Amino acid sequence: MEIKTTITIANVLISVLVVCSLSYAAELRRFQHAPKADGSLSFLVLGDWGRRGAFNQSQVALQMGIIGEKLDIDFVISTGDNFYDNGLTGIDDPNFEDSFTKIYTAPSLQKQWYNVLGNHDYRGDVEAQLSPVLRELDPKWLCLRSFIVDTEIAELFFVDTTPFVDKYFTHPEEAVYDWSGIFPRNDYLSNLLKDLDSALKESTAKWKIVIGHHTIRSAGNHGETKELVTQLLPILLENNVDLYMNGHDHCLEHISSPDSPLQFVTSGGGSKAWKGEVSRYNPSEMKLYYDGQGFMSVQITESQMDIAFYDISGNVLHKWATSNQLYPTITM
């Protein structure tokens with residue numbers, strides 16, 4: 001009996017070690033999401049939202065439902081900070097239903113949601129948001145650290161940006177972060193960047209879009225994330241990425257690159273916004289800065305991409321279009 005027990009424990013330990021050693025291998029898991037029959041694709045982008053309907057979250061959700069139906073969206077993307085202030089406490093945290101299921105009730109929003117983690121999500125039980133149990137509670141929920149969604153016409157690369165930021169480790173202040181699955185941190189980040197670079201190089205999609213929580217270019221309260229500027233941005237530029245989409249700054253924002261086609265778009269107005277929190281930025285690069293609540297839409301065909309930003313009344317704040325052929329960029 002003792003021998004069997006010893007063998008069982010050994011097997012468990014080996015299994016745990018195998019899972020730990022392969023934990024990163026699952027980071028860039030690939031999902032297929034077919035476009036419409038005509039080959040087009042449309043989706044909404046929302047960030048920094050989970051406040052049980054407060055701070056105009058419910059109003060934003062209402063307009064998302066209306067625009068989502070009008071555009072016949074295929075899915076929704078969340079740029080992180082899904083549940084305030086400290087993520088979820090576990091898979092049974094009522095905040096999941098109160099801030100997600102009971103808020104985004106419009107028929108048009110009952111599509112797949114692809115979610116990344118934000119820094120506030122790391123202050124709770126990270127594994128809870130990643131758990132398949134939540135998908136059983138609400139089938140539209142899907143959250144992983146880093147992964148790829150292949151829509152044929154476009155590939156979307158979701159990147160776990162919170163572990164890049166040094167201050168969360170060196171000066172967490174009063175926040176307590178759940179770093180399970182991250183250490184050794186340097187290996188985690190190195191492998192993530194290497195796998196992202198390889199996946200981008202191998203991509204044959206017409207459009208490449210990278211999604212993370214933290215900013216690269218921003219005139220908002222948080223400003224530029226220096227760790228992403230030095231470590232992630234070179235990979236995006238080298239691989240001809242079309243869009244980098246993020247949240248983190250509680251605003252709506254569109255910044256162009258002076259020396260590349262790469263566009264930086266912030267959709268962090270899902271609930272609490274920071275009125276008046278804006279820094280001076282090169283006006284030739286700043287196409288939109290809106291310090292209120294709202295969200296954005298993306299529509300893609302083989303030859304063109306159109307983005308639009310909306311406020312809590314559904315008003316269009318800014319439109320922008322580009323082509324991956326030799327046609328001029330259009331700003332409206």
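Here the structure is a predicted model, which is why all the values come from computation and not from measurement.
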4.5 Å side-chain heavy-atom contact, Asp242 and Thr322: no

Would you please classify the geometry between the Phe169 ring and the Phe183 ring as parallel, tilted or perpendicular, with 30° and 60° separating the classes? perpendicular

Determine, stepwise, if the pair Tyr122 / Ile182 fulfils side-chain contact (heavy atoms from CB on, under 4.5 Å). CA-CA 11 Å; Tyr122 264 97; Ile182 297 301; 3.5 Å; yes

Assess Lys140 against Phe100: is NZ or CZ under 6.0 Å from the centre of the six-membered ring, and within 45 degrees of the ring's axis? yes

Looking at Lys208, I'd like to know if its NZ atom is crowded, meaning that more than 12 non-hydrogen atoms belonging to other residues, nucleotides or ligands lie closer than 6.0 Å. yes

Is it true that the side chains of Gln129 and Asn82 contain a donor and an acceptor less than 3.5 Å apart? yes

Leu317 and Leu252, any side-chain heavy atoms less than 4.5 Å apart: yes

Determine whether the aromatic ring centres of His33 and Phe43 lie less than 6.0 Å apart. no

With a 3.5 Å distance limit and no angle check, can you tell me whether Gln299 reaches the backbone of Leu71 through a side-chain donor-acceptor pair? no

Could you tell me whether Arg30 and Glu155 make a salt bridge, using a distance below 4.0 angstrom between a side-chain N and a carboxylate O? yes

After noting the C-alpha distance and the side-chain angles of Asn221 and His250, does the key distance pass the side-chain hydrogen bond (donor to acceptor under 3.5 Å, both in side chains) rule? CA-CA 8 Å; Asn221 176 275; His250 294 193; over 6 Å; no

Show, in sequence, the C-alpha distance, side-chain angles and deciding distance for Leu109 and Leu44, and conclude whether the side-chain contact (heavy atoms from CB on, under 4.5 Å) test is met. CA-CA 9 Å; Leu109 302 182; Leu44 302 182; 4.1 Å; yes

What residue among Phe75, Tyr104, Phe158 forms ring pair (Phe, Tyr, Trp, His ring centres under 6.0 Å) with Trp113? Tyr104

What distance separates Gln263 CD from Glu285 CD, expressed to the nearest 0.5 Å? 10.0 Å

The side-chain contact (heavy atoms from CB on, under 4.5 Å) partners of Ala219 (sequence neighbours excluded) come to Glu253, Val278, Tyr281, Met286, Tyr289

As an exercise, state the distance from CE of Met245 to CD1 of Ile77, rounded to the nearest 0.5 Å. 4.0 Å

Using side-chain heavy atoms (C-beta onward) and a distance below 4.5 Å, is Leu233 in contact with Leu262? yes

Give, for atom CD1 of Ile300 and atom CG of Leu156, the distance between the pair rounded to the nearest 0.5 Å. 6.5 Å

Parallel, tilted or perpendicular: which describes the rings of Phe309 and His318, with under 30° parallel and over 60° perpendicular? tilted

Determine the interplanar angle of the Phe147 and Tyr114 rings, folded into 0 to 90°, and report it as parallel if under 30°, tilted if 30 to 60°, perpendicular if over 60°. tilted

So, for Trp49 and Phe295, is the gap between ring centers shorter than 6.0 Å? no

Quick one: pull up CG in Asp249 and CG in Asp48 and give me the separation to the nearest 0.5 Å. 8.5 Å

May I ask you to decide if the ring planes of Trp141 and Phe96 are parallel, tilted or perpendicular, using 30° and 60° as cut-offs? perpendicular

Just verifying a value: how many Å separate Ile235 CD1 and Ser198 OG, rounded to the nearest 0.5 Å? 9.0 Å

Does anything in residues 60-77 form a side-chain hydrogen bond (donor to acceptor under 3.5 Å, both in side chains)? List the pairs, not counting sequence neighbours. Lys36-Asp74

If we only count heavy atoms from C-beta on, is the Ser257 to Phe264 side-chain gap below 4.5 Å? yes

According to a hydrophobic-cluster definition based on side-chain heavy atoms being under 4.5 Å apart (Ile, Leu, Val, Met, Phe, Trp, Tyr only), do Tyr84 and Ile312 belong together? no

As an exercise, state the distance from OH of Tyr168 to OG1 of Thr162, rounded to the nearest 0.5 Å. 6.0 Å

Is any side-chain heavy atom of Asn324 closer than 4.5 Å to a side-chain heavy atom of Met305? no

Lys/Arg N to Asp/Glu carboxylate O, Glu238 vs Lys201, below 4.0 Å: yes

Can you find a heavy atom in the side chain of Glu127 that is under 4.5 Å from one in the side chain of Leu130? yes

Which is it for Arg185 and Asp166 under the side-chain contact (heavy atoms from CB on, under 4.5 Å) test, yes or no, and what are the steps along the way? CA-CA 11 Å; Arg185 180 188 173 209; Asp166 292 334; 2.8 Å; yes

